[in-house]
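Only this structure's heavy atoms are used, side chains among them; waters, hydrogens and symmetry mates stay out.
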Amino acid sequence: MINLIHGDAFEHVPNLERHDLLLTDPPFDLDGQHLQRLIANAPVDHVVLLGTLRQIVAACATPGYTLAFDLVLDAATPKDSKSYRQPHYTHTNVVYLRQTHVASIFDRRRGQREDAFSASYWPSIVRAPRDRVADGGYAKNEQAITDIMAAFAAGRIIDPFAGTCTTGIAACNNGCSATLIDHDRESLLNARDNLMFIGGDVKAPN
C-alpha cells in the first residue's frame, strides 16, 4: 500500500505509525536544525538521507543516531551538446543513520544491484544518471533508489518530501509499503496516477 498525504511533513511525521525506514531527499534549502527535528521525531530507527553536505553534517549530529555508512550517487549527465567528452559531473551525498541501540538492517545480499556485477560487490558509489534530463527534469534515478532500498530489510518506508514520488516507485518495485508526504497536492495527484499505472495499491492524498 502506498499512502499519499498532502500537507506539512513536520506536522504529519510525528503522528505516523511505526515504520522501518525513513528514506528521503529533502529540499535543498532545508536547514540543519529543522532536519534534525524531523529525524528525531520520526517513528523510525533507521534513516537513509540524500542531501547536501551541510544537511548530512547536521543529520549525523541528531541525538540518539549514529552514522552507519555513506554512499555517493554518481549523476553524471551529458551537456546539451551531448558531448560525452565533456559531461556535467554531479553527485548526491547519501548516508545511512541508525539509532545507536539497534542493529543495522542493511544486507547487501538482499538484492542484485543494477550497476554491480555480483551480489558480493556493493561499491559505495552508485551509478545514478538523472532522469528526464532532456526536458529539464532533475528527478532522482528510479533504479538507483530501488537498488538502495532493496538492500535494507524494511517493509514500511516513510518519505516526508515525496516530490515526484521516486521513493514510492522504488517501494512498488521492492514490494514495500510507503507513506509519502508532500505539500504540493498537484505533484501527489500526478504521482498517484503514475503509481497506479505501474500497479501500485494507492491511497489517494487526503
Side-chain angles (χ1 to χ4, degrees), residues 1-5 9-10 12-14 16-28 30 34-52 55-56 58-60 62 64-73 75 91-99 102-108 110-111 113-114 122 124 126 128 130-131 138-183 187-188 191 194-195 198 200 202:
M1 166 65 75
I2 307 296
N3 183 23
L4 303 178
I5 299 176
F10 292 93
H12 286 283
V13 166
L16 295 176
E17 296 179 352
R18 198 77 184 163
H19 284 61
D20 301 313
L21 175 70
L22 186 151
L23 191 160
T24 194
D25 180 7
F28 180 82
L30 181 66
H34 283 83
L35 185 58
Q36 277 191 21
R37 179 161 61 89
L38 180 76
I39 293 173
N41 291 328
V44 298
D45 291 327
H46 305 271
V47 175
V48 172
L49 176 68
L50 292 71
T52 65
Q55 290 172 333
I56 296 296
C60 289
T62 304
Y65 277 87
T66 186
L67 172 64
F69 60 78
D70 65 292
L71 301 169
V72 171
L73 296 188
H91 72 276
T92 300
N93 305 293
V94 186
V95 290
Y96 167 38
L97 308 174
R98 60 179 175 82
Q99 289 272 7
V102 301
S104 172
I105 58 171
F106 173 79
D107 184 353
R108 65 184 181 186
R110 287 179 55 84
R113 248 176 61 179
E114 181 74 13
W122 220 94
S124 60
V126 181
R130 293 189 184 276
D131 296 335
Y138 294 98
K140 298 184 293 293
N141 180 276
E142 292 172 7
Q143 187 60 58
I145 301 303
T146 296
D147 288 349
I148 291 172
M149 187 184 296
F152 289 87
R156 302 186 69 194
I157 316 294
I158 300 173
D159 187 347
F161 307 105
T164 57
C165 289
T166 306
T167 301
I169 294 172
C172 288
N173 292 340
N174 286 306
C176 302
S177 63
T179 299
L180 311 175
I181 305 169
D182 203 89
H183 63 85
S187 293
L188 289 178
N194 292 334
L195 291 166
I198 65 174
V202 183

Donor-acceptor contact below 3.5 Å, side chain [X] vs main chain [Y]:
X	Y	result
D45	R98	no
D159	C165	no
D147	R113	no
S177	G155	yes

- Task: Over 60° means perpendicular and under 30° means parallel, so classify the ring planes of H46 and Y96, tilted if in between.
- Result: parallel

- Between F152 and F69, what is the ring plane arrangement, given parallel below 30°, perpendicular above 60°, and tilted in between? parallel

Measuring from [X]:[atom1] to [Y]:[atom2], what's the distance to the nearest 0.5 Å?
X	Y	atom1	atom2	result
L4	L180	CG	CG	5.5 Å
N141	L73	CG	CG	8.0 Å
L188	H183	CG	NE2	9.5 Å

Locate the shortest heavy-atom distance separating [X] from [Y]; write the atom from each residue and the value.
X	Y	result
C60	L97	SG-CD2, 3.8 Å
W122	A151	CZ2-CB, 3.7 Å
H19	T179	NE2-OG1, 3.0 Å
T52	N93	C-ND2, 3.8 Å
G64	Q99	O-OE1, 2.9 Å
A9	P160	CB-O, 3.3 Å

- Task: Check each of L50, V48, I145, L49 against D25 using the side chain to side chain contact (heavy atoms under 4.5 Å, CB included) test, and report the only one that passes.
- Result: L50

- Please check if any side-chain donor atom of S187 sits under 3.5 Å from a side-chain acceptor atom of D182, or the reverse. no

- Message: Checking T167 against T24 for the side-chain contact (heavy atoms from CB on, under 4.5 Å) test, could you report, in this order, the C-alpha distance in whole Å, the side-chain angles of both residues, the deciding distance, and whether it holds?
- Response: CA-CA 8 Å; T167 301; T24 194; over 6 Å; no

